[in-house]
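Notes follow once the structure below has been shown.
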Amino acid sequence: MARRSRGRLALVGAALAAVTAGLLPAAAAAGPDGRGGEHRPSDRGLSAVIRYTEYGVPHILADGYADLGFGTGWAQAADQVCVLADGFVTVNGERSRHFGAAGAPDGSLSSATSNLSSDLYFRGVEEAGTVEELLRTPAPAGPSRELKELMRGWAAGYNAWLRKNRITDPACAGASWVRPVTALDVARRGFAVSVLGGQGRAVDGIAAARPPAAPAARTREGDVDPERTAEAARALFAPSNATMGSNAVAFSGATTANGRGLLLGNPHYPWQGGRRFWQSQQTIPGELNVSGASLLGTTVVNIGFNDKVAWSHTVATGVPMNLHQLTLVPGDPTAYLVDGKPERMTARTVTVADRDGTPVTRTQWWTRYGPVTSGLGASLPLPWTATTAYALNDPNAANLRGSDTALGFARARSTRDVAETLRRTQGLPWVNTIAADSSGHSYFSQSQVLPRITDELAERCSTPLGRVVYPASGVAVLDGSRTECALGSDRDAVQPGIFGPSRMPVLRDAPYAVNSNDSAWLTNAERPLTGYERVFGTLATPRSLRTRGGIEDVAGMAARGRLTVADLQRQQFANRVPAADLAAADVVAACPAALPAEPEACRVLAAWDRTMDSDSRGALLFDRFWRRFTAAVPAARQWKVPFSAADPVRTPRGLDTGAAGFATALADAVAELRTAGIALDAPLRDHQFVVRGGERIPVSGGTESLGVWNKTEAVWNPSGGGYTEVAHGTSHVQAVGWDGGRCPVARTLLTYSQSSNPASPHHADQTALYAGERWVTSRFCEKDILRSPALKVVRVRG
């Protein structure tokens, strides 16, 4: 350990000496984005060296974890100070005071639909000391020493940037709500990310839950309609309706040109707000060296690679929460029965201030299972009656380990180490992991922190509501009146009430392992995964068009073999439309009868190349038709050949052009474009774009319903020219392999660019690359960093 420490000090010292001696370009004076300048040392004692290469990617060099956190917090603030500050206002429960109770958060840290409900929830977390308790929990159940040091350093780096730089981003320049933060604030932000799939979905319901005002006539469970609730739950947790998703594929050495692994990661995340990715390289010489993308406000690289391993995540189908249906004590709706004995709810009274200083006080109600909730969003009400209430169990409310999982990946030397990290930390709340390594191994695991809902438990303990809701959605509704219905524990789990690693779906060393947000079943179509509980996802059910198209693509690539990183890059921008490959010929054949007065539309569809490339003509017409058709016609009536579990990639197929709604959808799409003044054969680039600095930047890719790998969920504004902004879709992309040298072969792309500040030179530079389907060549090794023609070196200190 002493030798390692001396080696790290020597390497860091050499880098600093290089700056001082002029071997590297001198640090520039502080500019509009806050990058620049040596800063006088202070008694705070933390420091780092940040080397910026092309497109503003920082390579952060430090001597320890606190220093690494310091450099990371500084560099994130330089690019994203306003977005970060907004998030800290959220987790501190102060949105109403600064922005008004009726306003709304950006959705990045919870599903709250108003600032008031957001504040009530997060202030409740704060006053309960939830995060403080997690920080006191010893590892592995709690966060590691290294992670705590990273959080401490991150807060200090963010604060130092605020002290020493002027904010030029108009989103928060001069705003009173931009304030210094603490390590506890950083941990609270991590907590919010962890519970996004559980308590975070129910923030409005937790804040609004009220006992009935007066004793009422005994109500029946049937007042909550099981079928309607089951459908609402299925839709709520359906990947097709999510604002986050992803594709990722790992290829084993059996398929590649040199016998080494390959990985393509393509997360689909929001393009605005606090759930954006941010690129960096983090280095502690002799200890850690990793490059990739972090969710804003986190201290680690969440998706990335080192010299031996690359990994990505996809949003998983596992449901990270469940409900307990409470039988209330007659005449007392704030007490419930457990094995026939009454148990009182715990009242948590929370007060927040509105913008005018008016205090708003609400009481939240907690049980042995978790908070009482009045619903999971507007579409899924769970009324609190005189006889029944619903409590939400979220095991990730006891999980602050996700960043330790990322740290373990960063230090991994193989996919075996990735698996061992997942076994040891058990920290991922709502994602799958796909990885490849330089020795040629591929790996997939749905290692999530999930409530330990076995199918046997659900069968034995589901309420009548749960018997309908659980099979449909994976949301268990258990009888809270019986202790025999407790979740129990697996012996290899780090916390009670969750599944242990031995219960997770895992696939090792398959020629390919791919996931596009469906369940683990068809991770490899030739080696289906089975045997997992319903809460993890479904088996032998229809796959999304994106999953089907992805499997077709990567299985074909694996069969051809001799794959390289260039093949991954081609796959990312193939922009093939699986919906068109299945249906376009049928649409063209039926078009003359459906549109006898519109022969031009039929000609355009027939000539379309069936891609969503920016230059494709006819893509926009098919897209607008397909959205209307799939919205109007139930899935079971869209196809002539139904789904078959024996042929899941090729079924269903054969578009039913005789379905009621087909001709109307086609005619309405044509009318819509003509009304908007958009030519039926206009190239997609003219009408699917974003505007940055007054310039239109075309965006390729297509929507979830079309099944396009390069997913683009854009905002339709026909009066503004078409799709004028991207809500969510392809975000941070990485194509990674190895060639036997010391440096990985990696190409990356951050579609919305590194900075949200319009004054930054890195506000839209990678977005322009994305428009041209060009990539950033990653500079991982020291020699490559130092050769960058854009190199800027900054030494930052407290």
Below 4.0 angstrom, N of the basic side chain to O of the carboxylate: do [X] and [Y] qualify?
| X | Y | result |
| --- | --- | --- |
| R650 | E552 | no |
| D739 | R260 | no |
| R692 | E725 | yes |
| R276 | D106 | no |

With distance as the sole criterion, is a donor-acceptor pair present between the side chains of [X] and [Y] under 3.5 Å?
| X | Y | answer |
| --- | --- | --- |
| R423 | S445 | no |
| T730 | N266 | yes |
| D613 | N575 | yes |
| D553 | Q571 | yes |
| T425 | D404 | no |

Candidates N306, T283, D307 - the one meeting side-chain hydrogen bond (donor to acceptor under 3.5 Å, both in side chains) with N289: T283
Count the heavy atoms belonging to other residues, nucleotides or ligands that lie under 6.0 Å from CZ of R416, then report whether that count exceeds 12.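 No, CZ of R416 has 12 or fewer neighbouring heavy atoms, counting only those of other groups under 6.0 Å.
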Contacts of type side chain to side chain contact (heavy atoms under 4.5 Å, CB included), residue [X], not counting sequence neighbours:
| X | value |
| --- | --- |
| R685 | S614, D615, P683, P698 |
| N524 | L507, A510, P511, Y512, E526, R527 |
| Q569 | V565, A566, A735, R747, W775 |

Can you name the closest pair of heavy atoms from I785 and L791 and give their distance? O-CD1, 3.7 Å
State, to 0.1 Å, how close I303 and H313 come at their nearest heavy-atom pair, and which atoms those are. CG1-CD2, 3.9 Å
Test of understanding: with ring pair (Phe, Tyr, Trp, His ring centres under 6.0 Å), list the residues that count as partners of [X], not counting sequence neighbours.
| X | value |
| --- | --- |
| Y723 | W716 |
| F444 | none |
| W626 | F622, F629 |

Relative to the ring of W271, is the ring of Y752 parallel (under 30°), tilted (30 to 60°) or perpendicular (over 60°)? perpendicular
Are R508 and Y443 in a cation-pi setup, meaning NZ or CZ lies under 6.0 angstrom from the ring centre and within 45 degrees of the ring axis? no
